[in-house]
Number of protein chains: 2
Amino acid sequence: MFVTGHNAEDEKEPAPSAASIRDVAKAAGVSYQTVSRVINHHPNVSQKARDKVTAAMAELGYRPNRAARALANGMDRAVTVLTSNTNLFGYAETLGGIEVAARAAGVHVAIRVLPSDSPEDIAAAVDQVSDPRSGAVIVLAFDREGSQALEALPATVSWAGAAESWLGRQSSLAESPRLTWYDDTAAARTATEHLLDLGHRTVHHVAIPSSSPVGDRERGWKQALEAAGAPVPEVVQPHGWSIAGAYDAARELLLDPDVTAVLCGNDDQALGVIRAANDLGLKVPEDVSVVGFDDVPAAPYFTPALTTVRFDFAALGRRAFELLELGSGSTEERAPLASPALIVRESTGPAPQGRTAARTTPPPQHLRAAGAGAEPRHKEDR
Amino acid sequence: MFVTGHNAEDEKEPAPSAASIRDVAKAAGVSYQTVSRVINHHPNVSQKARDKVTAAMAELGYRPNRAARALANGMDRAVTVLTSNTNLFGYAETLGGIEVAARAAGVHVAIRVLPSDSPEDIAAAVDQVSDPRSGAVIVLAFDREGSQALEALPATVSWAGAAESWLGRQSSLAESPRLTWYDDTAAARTATEHLLDLGHRTVHHVAIPSSSPVGDRERGWKQALEAAGAPVPEVVQPHGWSIAGAYDAARELLLDPDVTAVLCGNDDQALGVIRAANDLGLKVPEDVSVVGFDDVPAAPYFTPALTTVRFDFAALGRRAFELLELGSGSTEERAPLASPALIVRESTGPAPQGRTAARTTPPPQHLRAAGAGAEPRHKEDR
DNA sequence: ATGAAAGCGCTAACAG
DNA sequence: CTGTTAGCGCTTTCAT
């Protein structure tokens with residue numbers, strides 16, 4: 001189990017300097033082009049030659065030089081993921097899915113983050129990945145950064161994207177089957193209907209950032225409300241993804257006794273809303289029902305356990321990779337993505353007869369002063 | 001805001017096929033070596049030539065070919081991050097820190113995940129990144145997968161690592177200043193002392209996976225207990241990182257009325273323990289105090305808000321990158337890493353006089369059947 | 001200060 | 001089936 005000391009024997013030689021295709025050829029007693037053929041699985045190589053080459057490669061510890069290969073091919077077998085974020089659940093999970101698929105296909109994966117949606121930052125990132133010779137790119141277009149990068153990508157690079165559904169439906173993009181997405185609108189509709197079915201007069205909505213002025217989840221929520229003839233309250237739009245934003249907004253929102261059901265843009269926000277309810281002396285779900293999106297691993301362990309919509313982001317990532325068609329040529333059958341599923345747990349319940357009035361006590365100490373523990377480390381706003 | 005349609009004009013030309021150094025040279029009226037010199041910031045170029053070249057590059061949209069460069073240099077300016085995980089907070093955050101530092105230094109970042117700690121998987125991953133020509137590697141050695149990969153890395157590759165502290169203190173590795181870590185042992189000691197100071201007779205420990213048989217956090221916990229003359233209970237070691245594991249283990253553990261304080265290996269586990277306490281009719285912190293590690297963004301919004309130890313993983317990632325010394329040559333001053341800090345919130349309190357007895361009601365429906373919502377999507381065990 | 005020439009390791013036409 | 005001959009785009013001597 002303990003580290004032994006980094007193969008000190010390796011350091012004796014004057015520098016073995018990596019065996020090349022010619023070294024292998026010499027050792028195998030063939031020309032180096034034959035070695036190349038073996039490496040590239042060309043059909044026209046005798047079994048005997050192939051065996052000799054394989055043996056020589058193993059003996060010399062031959063390792064193809066990616067750079068030389070990319071240079072000669074005019075193309076590297078690599079994909080770089082363009083994303084504004086590496087931490088948020090959906091992003092990290094999608095990245096993980098891409099990596100799994102790429103690894104299986106023998107494709108290298110790189111990552112480039114979009115630090116902001118400023119034109120300069122977008123341009124710099126797009127410029128960096130715009131060289132078709134250095135591989136394909138997958139952009140995570142769940143937000144403004146991503147969709148703007150997508151927009152700015154030159155037509156010369158091979159790309160694919162995981163996006164919000166509105167983007168996928170854009171005519172200009174819909175023509176090329178390079179975008180995957182989940183139907184956020186339908187998912188939000190389902191979640192809203194669940195709340196309405198529970199007898200809530202209407203549902204309020206706390207939104208996450210979106211790549212468009214009106215997010216898909218917001219759209220679905222509104223559709224469900226209108227279909228049911230329920231009033232459509234104003235959307236609560238905290239700045240950014242931070243839980244603090246949702247918490248603060250909810251402390252305002254929940255003062256209104258008419259608010260008995262809140263659909264949140266994601267599970268993090270839902271947590272903030274639940275906590276805000278607690279701090280105002282409101283019980284979830286007795287006084288107010290809360291729904292999230294994503295189904296993060298922690299959701300079943302919240303108090304109360306969160307009712308939420310599950311998305312399989314890893315599958316989304318895998319699909320995005322498939323769209324690149326970097327596979328071994330064969331157009332494999334693509335299993336359809338499973339639809340998002342509403343997972344009903346404890347945070348939603350029947351509409352209260354008369355909702356408890358909110359206690360307007362101040363937030364707990366640890367959430368009060370900025371920097372006193374309210375996630376000062378994290379970039380919260382954009 | 002809406003996508004306009006992928007620069008259709010770009011597609012008119014028969015294929016501009018990327019300007020090369022020679023095209024630039026021709027346009028600028030110089031030899032192509034001069035262009036190379038400009039690109040590489042060589043001193044011996046007249047200002048006039050430099051200007052012409054710069055202009056030509058801009059006009060032609062010149063973009064250096066990374067592969068050609070890597071081939072000629074025998075080395076790519078890239079770093080690949082070797083990690084078992086992309087989702088867990090500490091990992092994702094460290095990755096983010098590395099990306100930031102690498103981007104600032106103009107270094108590409110790739111990622112390779114270690115799907116398991118099986119010898120084959122470790123070997124395959126190490127083999128993939130072992131070519132010094134394709135850049136440096138940073139391994140996230142917070143667990144067995146990572147530390148084993150570190151161990152298997154050939155001495156020929158340029159590497160650095162973010163690790164647990166025991167690894168950093170290994171003599172064989174300590175000689176080379178390529179490892180960063182936080183003092184997990186001291187942090188755990190502090191957290192345990194906090195609990196002891198609150199009057200708890202002893203502290204129980206639920207552990208996360210570690211890269212060594214005895215994790216650093218476990219070690220620190222034990223040290224604090226022994227220093228205080230408190231009994232050292234058996235460590236609870238659920239399999240893997242899953243919250244479910246911690247939850248299940250805690251439902252067992254908390255049956256014992258002597259358990260009044262639990263130090264958890266990370267915040268996720270702490271959430272599971274809190275939920276288990278709830279489900280057993282125990283109040284946190286009145287009946288049992290709970291401490292986590294990491295300070296995830298959600299921690300302040302748990303109910304109760306979590307007392308935990310904050311680590312700046314992004315800084316750890318940045319530091320790991322610095323250790324590669326890929327910077328512009330100058331050995332910049334390295335700011336010391338801030339020490340982990342205990343953040344006291346609501347989940348810890350004075351030891352109870354007599355602890356409530358646990359109600360042995362069954363777990364809530366949504367946590368009962370596997371696949372019924374208890375994070376069936378995620379690889380929980382290893 | 002600048003140009004000419006060689007070669008990094010590999011693939012891809014070509015010949016045989 | 002296998003070997004020969006050219007480059008891919010760039011950096012690095014070496015001249016000038």
Side-chain angles (χ1 to χ4, degrees), chain A residues 15-54 56-57 60-78 106 108 130-135 156, chain B residues 15-54 56-57 60-78 106 108 130-135 156:
Chain A
S17 82
S20 87
I21 201 180
R22 315 194 197 242
D23 300 321
V24 174
K26 201 171 304 170
V30 298
S31 75
Y32 68 83
Q33 297 70 3
T34 299
V35 176
S36 173
R37 290 191 183 98
V38 171
I39 293 169
N40 296 290
H41 304 100
H42 271 266
N44 284 359
V45 180
S46 67
Q47 189 56 45
K48 212 179 127 201
R50 191 181 301 279
D51 290 344
K52 281 192 297 184
V53 169
T54 309
M57 292 198 306
L60 298 180
Y62 169 75
R63 201 190 298 287
N65 183 326
R66 236 182 98 201
R69 221 162 174 174
L71 179 57
N73 273 332
M75 164 67 67
D76 194 7
R77 273 185 77 77
H108 283 252
S130 283
D131 192 339
R133 297 169 300 192
S134 50
T156 41
Chain B
S17 81
S20 88
I21 201 181
R22 313 192 199 244
D23 300 320
V24 173
K26 203 172 302 170
V30 299
S31 74
Y32 67 83
Q33 296 74 1
T34 300
V35 177
S36 173
R37 290 191 183 98
V38 171
I39 294 170
N40 296 290
H41 304 100
H42 271 267
N44 285 1
V45 180
S46 68
Q47 189 58 44
K48 212 179 124 201
R50 191 180 301 277
D51 290 344
K52 282 193 296 185
V53 169
T54 310
M57 291 197 307
L60 297 181
Y62 170 76
R63 200 190 298 287
N65 182 324
R66 235 183 100 201
R69 221 162 174 175
L71 179 59
N73 273 331
M75 163 66 70
D76 195 7
R77 273 185 76 76
H108 284 251
S130 283
D131 192 340
R133 297 170 300 193
S134 51
T156 42

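To find a chain, count down the sequence lines: A is the first, B the second, and so on, and within it residues start at 1. All values below come from the heavy atoms of this structure, side chains included, with hydrogens, waters and symmetry mates left out.
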| request: Please step through side chain to side chain contact (heavy atoms under 4.5 Å, CB included) for the pair B:Val30 and B:Lys48, ending with a clear verdict. | output: CA-CA 11 Å; B:Val30 299; B:Lys48 212 179 124 201; over 6 Å; no
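Regarding contacts with the backbone of D:dT2, every side-chain N or O of A:Thr34 stays at 4.0 angstrom or more from both OP1 and OP2. OP1 or OP2 of C:dG3 lies within a sub-4.0 Å distance of a side-chain N or O belonging to B:Ser31. Residue B:Asn40 places none of its side-chain N or O atoms closer than 4.0 Å to OP1 or OP2 of D:dT12.
A:Asp76 has its CG atom 17 Å from the P atom of C:dG9, to the nearest Å. Atom CG in B:Asn73 sits roughly 16 Å away from atom C1' in D:dC8 (whole-Å rounding). B:Ile21 places its CD1 atom 14 Å from the P atom of C:dA4, with the value rounded to the nearest Å. Note: CG (B:Asp131) to C1' (C:dC10) measures 13 Å, nearest angstrom. Atom CG of B:Asn44 and atom P of D:dT11 are 16 Å apart (whole Å). Going from atom NZ of A:Lys48 over to atom P of D:dT2 covers 9 Å, rounded to whole Å. Remark: C1' of D:dC8 and CZ of B:Arg66 are 16 Å apart, rounded to the nearest angstrom. The nearest whole Å value for the distance from the CG atom in B:Asn65 to the C1' atom in C:dG9 is 14 Å.
Positionally, the nearest nucleotide of DNA chain C for B:Val30 lies more toward the 5' end than for the other of A:Leu71 and B:Val30. Taking for each of A:Pro43 and A:Tyr32 the nucleotide of DNA chain D with the nearest heavy atom, the 5'-most of the two is the partner of A:Pro43.
In this structure, B:Ser20 OG and B:Asp23 CG are separated by 4.0 Å, a value rounded to the nearest 0.5 Å. Here CZ of B:Arg77 is found 11.0 Å from CZ of B:Arg66. Values are rounded to the nearest 0.5 Å. For the atom pair CZ of B:Arg63 and CG of B:Asn65, the computed distance is 11.0 Å after rounding to the nearest 0.5 Å.
Residue A:Ser46 has its side chain nearest to D:dC1 when only D:dG9, D:dC1, D:dT12 are considered. Taking the side chain of B:His42 as heavy atoms from C-beta on, and the options D:dT11, D:dT12, C:dT2, the nearest nucleotide is D:dT12. Checking D:dT11, C:dT2, D:dC8 against every side-chain atom of B:Arg69, the shortest atom distance belongs to D:dT11.
In plain terms, the two heavy atoms of A:Asn44 and A:Arg37 that are nearest each other are O-CD, 4.3 Å. The shortest heavy-atom contact between A:Val38 and A:Val45 is CG2-CG1, 4.1 Å. Nearest heavy atoms, A:Pro64 versus B:Asp131: O-OD2, 3.9 Å.
Nucleic acid contact for A:Ala70: none, since no nucleic acid atom lies under 4.0 Å from a heavy atom of the residue. Nucleic acid contact class of A:Ala49 (heavy atoms, under 4.0 Å, all strands): sugar-phosphate only.
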Find every protein N or O atom lying less than 3.5 Å from an N or O atom of nucleotides 13-16 of chain D, and list the pairs.
none

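No donor-acceptor pair closer than 3.5 Å links the side chain of A:Asn40 to the backbone N or O of A:His42.
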